[in-house]
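Quick notes on the structure that follows.
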Amino acid sequence: MSGATFILNGRSVPFKLGQSILDAARDNGVEIPTLCYLKGLAPSGACRICLVEVTGARSLMAACSTPVAPAMEVFTDTPRVHQARKLNTELLLAAGRHDCILCEANGDCGLQELAYRYGVDGSSFPRSEHIYPTEQENPFIVRDFSRCILCGRCVQACNQIVVNRAISQGYRGKDSKIVTGGDRPYHESDCVFCGQCVEVCPTGALTEKKLRGQGRPWETKRIRTTCPYCGVGCQMWLHVKEDRIVKVTAVEGAAPNDGRLCVKGRFGYDFLYSEDRLKTPLIRENGRFREASWDEALDLVTAKFKEIIDRDGPDAVAGVSCARSINEDSYQMQKLFRAVFKTNNIDHCART
Ligand code: FES
């Protein structure tokens, strides 16, 4: 704490040197709306929704990219500020096709939320003629350019959070467009389909393909869990409708992934509902599998281990524990091999 203060909506409040007005306001319990801001990254200042009044400044200032100075006087909720935010929301609405009822992000859209908050009931600006076809050739992400507000969050997420550099700003002026791999479809670019761009998109420009028609935000409940894949233990939200997962998102601010997921964690949950899932142990007899009870299967495995160890010694057996298991299971597996079977032939598949 520097001990420095500034005036926020008439109140003297502390701030840390180098902080933006936006971060300092949030630290002091004052919310300023944003669309393009991504916590922890350099502000792009693209959306102009976070405008605030600073005494002595000729124009409104973007709170996300304006540093606080000692004794600075800032107002975040004046009629002038509201009017500017409303105008900028109207401009963003005019720049695309925002027919909310048909949009997969309806109810979970930053632009819709702003339009509601500032009472935008249509736009007095002419609609943009640049309506691009929707891209849905890949299995994971639907990209609807007509709902893109060019906030640049997907570009920042891909370049600065995931560091995959598949997405960038393309073209200039009225032709500006978010592009992948020289304006080729996602699946022809360097995209690894981690879906971080979908996670940060504030509108319905980027949505999960598997979510389509499966459930609106208000129909689902969120259940926090740990990713079932590798041993990292990423924290995720399951969005569940009628006991069925319709989407997976990352938990913000939680270790170890802090809002990130990989392609498997975010999109790879279909196996839960696969008809091919094994529901009982299978025992091979005469070249064919037959279903068995767990007691029967475990008795058979025990007998086989005993038979091999009695005949060839403990080093004739080896174990590989699964990286998807919890640490405690892997620990018990190595105990079983070292303490019971008396062999050090035990490994873990996370290195492969
Ligand atoms: Fe500040 Fe977008 S959040 S300009």
Side-chain angles (χ1 to χ4, degrees), residues 6 8-9 13 15-16 18-69 72-96 98 105 108-118 120 123 125 128 145 147-161 167-170 172-174 176-178 196-206 252-253 259:
F6 75 116
L8 182 62
N9 296 335
V13 294
F15 73 96
K16 300 185 192 91
Q19 254 188 329
S20 66
I21 294 175
L22 180 72
D23 288 338
R26 287 185 174 176
D27 280 358
N28 286 288
V30 173
E31 186 57 28
I32 297 172
T34 61
L35 281 177
C36 69
Y37 172 78
L38 263 182
K39 192 172 176 213
L41 301 187
S44 66
C47 73
R48 317 312 283 178
I49 289 298
C50 64
L51 294 176
V52 293
E53 246 183 289
V54 176
T55 303
R58 271 189 305 177
S59 57
L60 296 176
M61 309 293 285
C64 67
S65 51
T66 306
V68 188
M72 182 186 248
E73 191 175 28
V74 177
F75 295 94
T76 64
D77 263 320
T78 62
R80 189 175 164 217
V81 163
H82 284 205
Q83 194 186 14
R85 290 180 190 159
K86 180 177 179 182
L87 184 75
N88 288 346
T89 304
E90 278 187 47
L91 282 165
L92 291 171
L93 283 168
H98 296 285
D108 186 23
C109 170
L111 190 58
Q112 187 186 53
E113 166 64 25
L114 285 169
Y116 185 79
R117 186 196 285 204
Y118 294 112
V120 179
S123 176
F125 299 100
S128 163
F145 295 97
R147 301 188 199 282
C148 175
I149 56 169
L150 296 173
C151 67
R153 280 166 67 112
C154 56
V155 179
Q156 279 196 300
C158 189
N159 288 271
Q160 295 174 43
I161 297 177
I167 311 178
S168 55
Q169 308 266 5
R172 291 290 177 271
K174 67 178 176 47
S176 292
K177 184 186 175 197
I178 302 295
Q196 201 64 32
C197 52
V198 181
E199 178 106 23
V200 301
C201 178
T203 68
L206 296 168
E252 285 285 337

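Start at 1 with the first residue, then count along the sequence. Atoms within each ligand, like the ligands themselves, are counted from 1 in listed order.
Residue contact annotation: Cys47 places no N/O/S atom under 2.8 Å from atom 1 (Fe) of ligand 1.
Applying the side chain to side chain donor-acceptor pair (under 3.5 Å) test between Asn9 and each of Thr76, Asp77, Thr78 identifies Thr76 as the sole match. Considering Arg85, Arg58, Arg80 in turn, Arg80 is the only one that fulfils the salt bridge (charged side-chain N to carboxylate O under 4.0 Å, His left out) rule with Glu53. Of the residues listed (Pro202, Cys47, Cys201, Cys36), the one engaging Ile149 in a side-chain contact (heavy atoms from CB on, under 4.5 Å) is Pro202, and it is the only one. Under the side-chain contact (heavy atoms from CB on, under 4.5 Å) test applied with Phe75, the options Thr55, Val52, Leu8 reduce to a single match, Thr55.
Close contacts between ligand 1 and Cys64 involve ligand atoms 1 (Fe), 3 (S), 4 (S) [criterion: under 4.0 Å to a heavy atom]. Taking a cut-off of under 4.0 Å to the non-hydrogen atoms of Gly45, the atoms of ligand 1 that pass are 4 (S). For ligand 1 and Ala46, the ligand atoms under 4.0 Å from any heavy atom of the residue are 4 (S). Those atoms of ligand 1 with a heavy atom of Tyr37 less than 4.0 angstrom away are 3 (S). Residue Cys50 approaches ligand 1 through these ligand atoms, each under 4.0 Å from one of its heavy atoms: 1 (Fe), 3 (S), 4 (S).
In this structure, CG on Leu41 lies 4.5 Å from CD1 on Ile161, to the nearest 0.5 angstrom. Annotation: the span from Ser44 atom OG to Gln156 atom CD amounts to 5.0 Å, rounded to 0.5 Å.
Neither the backbone nor the side chain of Cys151 has a heavy atom within less than 4.0 Å of ligand 1.
Using a 4.0 Å cutoff on heavy atoms, Pro43 does not count as a contact of ligand 1.
Asp23 and Tyr37 share a donor-acceptor pair across their side chains, judged by distance under 3.5 Å alone.
Considering only non-hydrogen protein atoms, atom 4 (S) of ligand 1 sits nearest to Arg48 N, 3.2 Å.
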